[in-house]
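One structure is given below, encoded as C-alpha cells.
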Amino acid sequence: MRIDKFLKVSRLIKRRTVAAEACDAGKIFVNDRKVKPACVLKVGDTVEMRLGQPIRFTVKSLNDKASKDEAQTLYEIIE
C-alpha cells in the first residue's frame, strides 16, 4: 500500500492529498529515509512523521478499507 493512502486509511492524516504534500515536503520518513507519496509500505516498516510533534510508529497491518474502529490496529506507536 502506498504511504499516502496508508496515512489516510489509518487516520493519522485526514486527507490523502495532505499526506502526499507532507511526503513531497520531506516530512515523512520510512525506515529513516525521506519518501515520496508512491512509496510502498510493508508490514514491519518504521514510519516517522515530522509534522508539529514528531510521531514514530511501526506498521502492523495493511488494510485498504479499514473502518474507524480498525484504524488504530494498523500501527503501533513507538517512543
Side-chain angles (χ1 to χ4, degrees):
M1 178 185 303
R2 290 170 52 120
I3 182 73
D4 57 344
K5 185 169 185 176
F6 178 83
L7 293 173
K8 191 253 184 225
V9 170
S10 64
R11 292 175 170 71
L12 290 165
I13 295 181
K14 196 170 191 174
R15 283 184 243 125
R16 189 169 176 178
T17 55
V18 174
E21 290 169 1
C23 291
D24 288 334
K27 298 183 182 217
I28 309 293
F29 295 79
V30 175
N31 299 327
D32 296 323
R33 61 182 178 86
K34 287 182 190 178
V35 294
K36 298 198 179 225
C39 173
V40 177
L41 281 182
K42 299 180 298 269
V43 173
D45 282 346
T46 302
V47 179
E48 183 176 355
M49 296 186 346
R50 296 181 183 171
L51 302 169
Q53 186 74 11
I55 297 173
R56 193 171 173 93
F57 61 90
T58 304
V59 177
K60 289 177 60 179
S61 175
L62 298 172
N63 181 357
D64 288 357
K65 300 184 190 264
S67 68
K68 186 176 182 181
D69 296 330
E70 296 171 329
Q72 291 182 333
T73 64
L74 299 177
Y75 60 92
E76 180 179 352
I77 295 180
I78 50 180
E79 289 181 28

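This is a predicted model, so every value here is computed, not measured.
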Using side-chain heavy atoms (C-beta onward) and a distance below 4.5 Å, is V47 in contact with L12? no

Residue set satisfying side chain to side chain contact (heavy atoms under 4.5 Å, CB included) with D69, at least two apart, ordered chain then number -> S67

Indicate if V30 and V18 have the same hydrophobic cluster label, given that clusters are the connected sets of ILVMFWY residues with side-chain heavy-atom separations under 4.5 angstrom. yes

Heavy-atom count around R15 CZ within 6.0 Å, excluding the residue itself: above 12? no

Are more than 12 heavy atoms, taken from residues, nucleotides or ligands other than Q72, located less than 6.0 Å from that residue's CD atom? no

Using a 3.5 Å cut-off and no angle test, enumerate the donor-acceptor pairs between side-chain atoms of residues 32-41 and protein atoms at least two apart in sequence or in another chain.
none

R16: which residues meet the side chain to side chain donor-acceptor pair (under 3.5 Å) condition with it, sequence neighbours left out? D4

Set of side chain to side chain donor-acceptor pair (under 3.5 Å) partners for N31, sequence neighbours left out: D45

Give me the atom names and distance for the closest heavy-atom approach of L74 to A66.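 Nearest heavy atoms, L74 then A66: CD1-CB, 3.9 Å.
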
Closest heavy-atom pair and its distance - A22, L51: CB-CD2, 4.1 Å

Show me the donor-acceptor pairs within less than 3.5 Å that the side chains of residues 53-64 make with the rest of the protein, sequence neighbours left out.
{"from": "R56", "atom 1": "NH1", "to": "E48", "atom 2": "OE1", "distance (Å)": "3.1"}
{"from": "N63", "atom 1": "OD1", "to": "K65", "atom 2": "N", "distance (Å)": "3.1"}

Could you give all pairs that pass the ring pair (Phe, Tyr, Trp, His ring centres under 6.0 Å) test and reach residues 7-34, with sequence neighbours left out?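 For residues 7-34: none.
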
Interatomic distance, R2 atom CZ to L7 atom CG [nearest 0.5 angstrom]: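 Those atoms lie 11.5 Å apart.
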
